[in-house]
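In each ligand, atom 1 is the first atom listed, and ligand 1 is the first ligand listed.
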Amino acid sequence: MDFKASNRLVAVGDKYLAVQQEQIKKLQQQGISIINLGRGNPDQPTFPDIVEKAKHELDNPITHGYPPYGGNAELKSVIREFYQNEYGVVLAENEVTVLSGSTAALTAFPMALANVGDFVLTPTPAFFGYHIGITMSGAKSWPMLLSEENNYLPDLHAIPTDVAQKSPLMFLNYPHNPTGAGATRKFFDEVTAFGLKNKIAIVHDFAYADISFDHQAPSFLQSARAKETGVEIYTMSKAFNMAGWRVAFAVGNASIIKLLKTYIQNSVGGTFGAVQNASAYALQGQGEQRQQLRELYLDRRNAVIQALNQIGLSATHSSGTFFIWVKLPNSKTDDKAFAKELLDQAHVAVVPGSAFGDAGQGYIRISLVAPVDVLLNGVTKIGQFLHRQTLV
Ligand SMILES: Cc1ncc(COP(=O)(O)O)c(C=O)c1O
């Protein structure tokens with residue numbers, strides 16, 4: 001017997017990468033090898049001493065039971081030290097909670113804070129993760145347009161007052177997936193003032209906190225009074241190559257943290273103790289390895305941007321993340337058709353910009369999670385494809 005999805009699940013729709021993965025599988029089954037520049041999965045292994053620590057923790061029977069809700073006391077205390085050392089942000093015990101990855105938390109926020117018919121202020125283009133909780137909660141997304149002219153920062157003045165009044169929640173994400181744009185302290189100060197004025201819970205998704213090239217990416221919580229109106233989500237997935245371990249944390253406003261914890265403890269539950277202990281270990285060191293990882297992505301970014309320019313494509317110089325946002329030649333605005341043809345004919349997978357929202361139309365996103373020779377081979381094939389299509 002086949003069962004039907006609920007109306008809200010139908011409204012969520014299929015994740016673009018899952019659909020593309022199926023298309024890739026079909027081509028691979030025909031013996032075709034694909035250069036995948038679509039996925040955002042770090043290609044490097046977790047730093048070895050974190051793995052060793054986790055192996056050791058697996059033998060510790062204390063880690064085998066249900067973990068305490070909201071995280072182990074030791075990890076929470078290490079997170080507070082980490083934020084103080086990295087960003088100069090002082091956090092109280094009730095301003096921290098541990099999560100099994102940030103994806104579940106991003107879904108949890110609208111479920112915990114929004115009601116049917118409310119607006120959630122959401123950037124477009126943006127990571128797919130925000131839209132799921134918004135749709136499942138019965139709230140509606142209010143798109144905040146990010147454009148090249150605005151350095152991919154939303155214009156807060158463009159949000160109508162009646163919309164702001166009906167918005168319990170705003171999502172932000174810098175360094176930004178998919179454009180690679182960074183935020184400034186000044187921008188976060190404006191966001192804080194906006195959140196305080198309109199009583200909006202700001203959720204800053206800081207997934208690429210550590211992958212910032214020219215300077216350290218600012219934390220939203222560095223703005224004075226930011227903690228009165230918002231939280232920040234920090235994942236171990238990218239900075240420590242721990243995407244498969246499913247561990248992240250939220251820090252900031254105590255009442256938002258409490259609501260998040262209530263929802264998470266009743267849905268996802270706790271995070272495996274051995275993973276928490278290995279994360280506490282990771283957050284207390286790894287400075288050199290984190291720096292090497294940043295340099296690896298920087299080298300890849302520079303090589304790929306140069307190669308893209310050589311094939312006649314203009315790419316935005318990313319300030320962080322492991323993504324490059326590429327504008328398609330003028331005659332090509334149907335980025336979904338472009339990505340499909342590129343996969344079928346040149347055997348290169350990229351994500352079409354409109355998969356991140358309508359504002360991404362006319363762009364593609366290239367991921368830097370492959371060795372340089374693979375990345376450059378992919379760009380060469382894109383160049384040959386464009387040439388065949390007489391697009392450049
Ligand atoms: C902007 C952004 N937020 C969150 C996530 C998910 O992170 P996690 O592995 O913690 O679920 C991703 C993953 O690609 C991302 O790009």
Exercise. What part of N173, side chain from CB on, backbone N/CA/C/O, both or neither, has a heavy atom under 4.0 Å from ligand 1?
Worked result: side chain
Problem set entry | Criterion side-chain hydrogen bond (donor to acceptor under 3.5 Å, both in side chains) on Y281 and E57, from CA distance to verdict | CA-CA 11 Å; Y281 172 82; E57 290 299 327; over 6 Å; no
Problem set entry | Any donor-acceptor pair under 3.5 Å from S367 side chain to F323 backbone | no
Exercise. So is there a nitrogen or oxygen of D205 less than 3.5 Å from a nitrogen or oxygen in ligand 1?
Worked result: yes
Problem set entry | Geometric N/O contact Y130 with ligand 1, under 3.5 angstrom | no
Problem set entry | atom 9 (O) of ligand 1 - nearest protein heavy atom and its distance | S237 OG, 2.6 Å
For this session: Tell me which protein heavy atom sits closest to atom 16 (O) of ligand 1, plus the residue, atom name and distance to 0.1 Å.
Result: Y208 OH, 2.7 Å
Exercise. Would a line drawn from the ring center of F206 to the ring center of Y87 be shorter than 6.0 Å?
Worked result: yes
For this session: For R246, take its heavy atoms, then give the atoms of ligand 1 lying under 4.0 Å from any of them.
Result: 8 (P), 9 (O), 11 (O)
Problem set entry | Identity and separation of the nearest protein heavy atom to atom 6 (C) of ligand 1 | T103 OG1, 3.4 Å
For this session: Check step by step if salt bridge (Lys or Arg N to Asp or Glu O under 4.0 Å) holds for K238 and D210.
Result: CA-CA 8 Å; K238 322 285 175 172; D210 225 35; over 6 Å; no
Problem set entry | Taking atom 5 (C) of ligand 1 as the reference point, the nearest protein heavy atom with its distance | F127 CZ, 3.4 Å
Exercise. Can a salt bridge be assigned to the pair K26 and E22 using a cut-off of 4.0 Å between side-chain N and carboxylate O?
Worked result: no
Without placing hydrogens or testing angles, list every side-chain donor-acceptor pair under 3.5 Å for residues 151-162, not counting sequence neighbours.
unit_1	atom_1	unit_2	atom_2	d
Y152	OH	W325	NE1	3.4
D155	OD1	H157	N	3.0

Seminar exercise, completed: Honestly, for K238 the part within reach of ligand 1 (heavy atoms, under 4.0 Å) is side chain
For this session: Provide, to 0.1 Å, the distance between atom 7 (O) of ligand 1 and the closest protein heavy atom, together with that atom's residue and name.
Result: S102 OG, 3.0 Å
Seminar exercise, completed: F188 meets the ring pair (Phe, Tyr, Trp, His ring centres under 6.0 Å) criterion, sequence neighbours left out, with H204, F220
